[in-house]
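Reminder, nothing fancy here: chain letters follow the sequence lines and each chain counts from 1. What you are looking at is a predicted structure, and each value in this text was computed from that prediction instead of being measured.
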Amino acid sequence: MESRRILVTSALPYANGSIHLGHLVEYIQTDIWVRLQKMCGHHCIYVCADDAHGTPIMLRAQEEGIEPEELIAKTQTEHEADFSEFLIGFDNFHSTHSEENRNFAEDIFKKLQHKDLINTRSVIDLFDPEQKVFLPDRFVRGTCPKCKAEDQYGDNCEACGATYSPADLINPHSALSGATPVEKENLHYFFQLGKLEEELKTWTQSNSLQPEISNKISEWFEDGLKDWDISRDAPYFGFEIPGATGKYFYVWLDAPIGYMASFKNYCERSGEDFDAYWNADSTAELYHFIGKDIAYFHTLFWPATLMGAGYRKPTNVFCHGFLMVNGKKMSKSRGTFIKARTYLNHLQPEYLRYYFAAKLGPGINDLDLNLDDFQQRVNSDVVGKLVNIASRCAGFISKKFDAKLSASFSSECEQAFAEATAANTEIKDHYEQRRYAEAIRSIMKIADQTNQLIDQYKPWEKIKDENCKEEVHQICSFGINMFRLLIGYLKPVLPELAGKAENFFNDELTWADLASGETLPEGHIINKFKPLMTRIESDKVEAMIEETKEQASAQAPVISASDPIDSEISFDDFAKLDLRVARISKAELVAGADKLLQLTLDLGEATGGLEKNVFAGIKSAYSPEELEGKLVVMVANLAARKMRFGLSEGMVLAASGDDSGLFVIHPDSGAEAGMRVK
RNA sequence: GGCUAUGUAGCUCAGUUGGUUAGAGCACAGCAUUCAUAAUGCUGGGGUCGGUAGUUCGAGUCUACCCAUAGCCA
């Protein structure tokens, strides 16, 4: 078989926080792919690095009262430990804040300049008049224009998730001085992507990108490519642009260059030939595994950078979806924003590797970590089905046959072994095409068939009959051989388990061994069987969630301060409100309104049978049918307000938090329409 | 708001170019079994495929609109 030369990367984790289970989807996906390639005898190199530049890192370092360099060094140590324990087998892990990366970034920038792909022009930025510096979005704070949460960043609101520009903030102020920012012209450097449009189009079309991504990319081309702003002003943690004092490369310019820098760093200590992988005429393969959120940095900006600077382009870019936990986005308060370290404190990494593999496909769908399913699936598949095969056969072999295997099977078993061997082509292809879930299904099907066969031969009965001893020897040896095959197929996913199993049957497995169809030889001695993997226990999963919740509540004061109690009012202020119980006599959809329902409220006999018309913004949480007949509380003396759809004569009270829920307030049973609420 | 995806049994997912009674694993129920880490085998119940309206002899599978979820908008 021809050996391929392959360079693989995972996206660079950002150095301002810990690795969490969401990150691990990608590293595990990549690692499985790389391990398969290596097992197949290909020359495959897997590099990564910490992404160490940008404003958030500066801010974080400031908060902790340390230099950015100290922060990123500390983070890198932590990241590497997490990856190593999750068995992510990087050949090199580096940092974008490195000499290699500085050299490449500067060199690439100069090449782009030389090709006339860089220009400059003035844009209006916010300026701090006291500190005399331009303010990055994150250095401007103010009230969210959408949800009115106070003290939010200039680019997005942490309370409601809205995105906007700093100029949209209410009461904007500089995070540095507190002064109100002023608008001022500022010089920026731009990468003129439009000049590479044709070449980029060709690349994106010829490159068998995932169809979802191709569709998305065609969108960028439709409006023509805009120039890309690649400079940021001091204060910034990054590389200064050559010949431009006080201007820095935007983090997204030098981050992907970090792939090259990390590989260069690897070449220097391994003797690998850098140019053979990166020159424009390279015949090596280059793959980037990334999350769907950063697709266009990798399918547009990054290839453009490489083209412009005269390097090779990626062979392909593989996008994956996001991790959900129990069907929802990871959430600190639900205890599902689980850090890699927290997981490791309670559970074995291979459980998660198996579960992710069992659910990963080639598409960009989000992947759900359902914790009950996780426990059941791993226990059932890996322990119950797979490891059980060795466990139920090993005893007979070691106790009754001096730990020696037979190499002759019944014709039925021989056929089963041949079929399982033949499946290697298909399984390998599933892995190669990143259809891990299908690979796992194929593998577990073989495990099922093996258990069925063992059941059929009933060695535990036959062992009682001296005449059937050879049959027992054969079926158990068959089981061990099938187990060996299955472990081999799962080795990319479960490298540690595979290592233990290889120890057990005194053999090391490559894909060629699996494909050969050969069994272990007659008389081959197996070692004493020890449990290779134990079951996931519920209390461990619960403990992990608890620990995550504790981490969240430790930060709670910061979170609760985002919505403090309003300033005090007098009783007289309160008494001005005429709150009444009302019955919804009619509720209907409003044509053309996204969020409104039109309610007819019956205020009962006490008010002389008064009815009011109210438009309530509760369509997202209630259907008209479920509201009709219900009692609610309304502000009855609120001045009527004219809306696009008609006159609204009051407000219905409802509770809402930042977690997108909306809950209408109902009086307890017994209340009647018209009653005062006080 | 625009765009790109996703929405199939309690849970997690498969369903090729539209075609006989919609599949798997887990969970559940019953039976068998005890070699094995309460593991294994057999049998069974359970979905009309997010909603509505279309195209078609025929749609989970095509079209339009709507709803929900995720991501992106340099």
Problem set entry | Interatomic distance, Leu453(A) CG vs U33(B) P [rounded to whole Å] | 20 Å

Exercise. Looking only at atom C1', what distance separates C65(B) and U55(B), rounded to whole Å?
Worked result: 15 Å

Problem set entry | Whole-Å distance separating the CZ atom of Phe297(A) from the C1' atom of C73(B) | 11 Å

Problem set entry | Donor-acceptor contact below 3.5 Å, side chain Asn370(A) vs main chain Asp373(A) | yes

Exercise. What interatomic distance, in whole Å, is found between C1' of U48(B) and the corresponding atom of G23(B)?
Worked result: 14 Å

For this session: For nucleotides 35-45 of chain B, just jot down a letter per nucleotide in 5' to 3' order: B, S or -, based on protein non-hydrogen atoms under 4.0 Å.
Result: BBB-SBSS---

Problem set entry | Between C35(B) and G30(B) - P atom distance, rounded Å | 24 Å

Problem set entry | Phe322(A) CZ - U4(B) C1' separation (whole Å) | 14 Å

Exercise. Between the main-chain N or O of Glu496(A) and the side-chain N or O of Glu350(A), is there a donor-acceptor pair closer than 3.5 Å?
Worked result: yes

Problem set entry | Asn379(A) CG - G25(B) C1' separation (whole Å) | 14 Å

For this session: Classify the nucleic acid contact of Lys328(A) as base, sugar-phosphate or nothing, counting any heavy atom under 4.0 Å across all strands shown.
Result: nothing

Exercise. Does any N or O in the side chain of Asp366(A) come within less than 3.5 Å of the main-chain N or O of Met324(A), such that one atom is a donor and the other an acceptor?
Worked result: no

Exercise. When you compare U6(B) with A14(B), how far apart are their C1' atoms, in angstrom units rounded to a whole number?
Worked result: 15 Å

Problem set entry | Stacked cation flag Arg377(A) on Tyr355(A), 6.0 angstrom / 45 deg | no

For this session: Determine the interatomic distance between C1' on C62(B) and the same-named atom on G10(B); round to the nearest Å.
Result: 31 Å

For this session: Report yes if some heavy atom in the side chain of Tyr354(A) is under 4.5 Å from a heavy atom in the side chain of Leu494(A); otherwise report no.
Result: yes

Exercise. Do we get Arg434(A) above Phe318(A)'s six-membered ring, with its NZ or CZ under 6.0 Å from the centre and within 45° of the axis?
Worked result: yes

Exercise. So Tyr27(A) and His23(A), would you call those rings parallel, tilted or perpendicular, with 30° and 60° as cut-offs?
Worked result: tilted

Exercise. Between Tyr248(A) and Tyr236(A), how do the two ring planes meet: parallel, tilted or perpendicular, split at 30° and 60°?
Worked result: tilted

Exercise. Quick one: on RNA chain B, does Lys216(A) or Asp381(A) contact a more 5' nucleotide (nearest heavy atom)?
Worked result: Lys216(A)

Problem set entry | Pairwise C1' distance, A74(B) and G18(B) [rounded to whole Å] | 40 Å

Exercise. C73(B) C1' sits how many Å from Trp252(A) CH2, rounded?
Worked result: 15 Å

Exercise. In B/S/- notation, 5' to 3', how is nucleotides 6-17 of chain B contacted by protein heavy atoms closer than 4.0 Å?
Worked result: S----SSS----

For this session: Measure the shortest side-chain to side-chain distance between Gln29(A) and Phe356(A) over non-hydrogen atoms and say whether it is less than 4.5 angstrom.
Result: no

Exercise. Under 30°, 30 to 60°, or over 60°: which ring-plane class applies to Phe504(A) and Phe529(A), parallel, tilted or perpendicular?
Worked result: perpendicular

For this session: Specify whether Tyr259(A) and His298(A) have parallel, tilted or perpendicular ring planes, treating 30° as the upper limit for parallel and 60° as the lower limit for perpendicular.
Result: tilted

Problem set entry | P-based separation of G54(B) from A59(B) [nearest Å] | 13 Å

Exercise. Can you tell me how far P of C72(B) sits from CZ of Phe301(A), to the nearest Å?
Worked result: 14 Å

Problem set entry | Separation between the C1' atoms of A39(B) and C49(B), rounded to whole Å | 35 Å

Problem set entry | Integer-rounded Å distance: U34(B) P and Ile463(A) CD1 | 15 Å

Exercise. For RNA chain B, what are the stems built from at least three Watson-Crick or G-U pairs in a row, each pair having both distances below 3.5 Å?
Worked result: B:1-7 with B:67-73, B:10-13 with B:23-26, B:28-32 with B:40-44, B:50-54 with B:62-66

Problem set entry | Asn481(A) (side chain) donor-acceptor with Leu520(A) (main chain) under 3.5 angstrom | yes

Problem set entry | Between P of G25(B) and CG of Leu360(A), the distance in whole Å | 21 Å

Exercise. Is there a donor-acceptor contact under 3.5 Å from the side chain of Lys195(A) to the main chain of Asp116(A)?
Worked result: yes

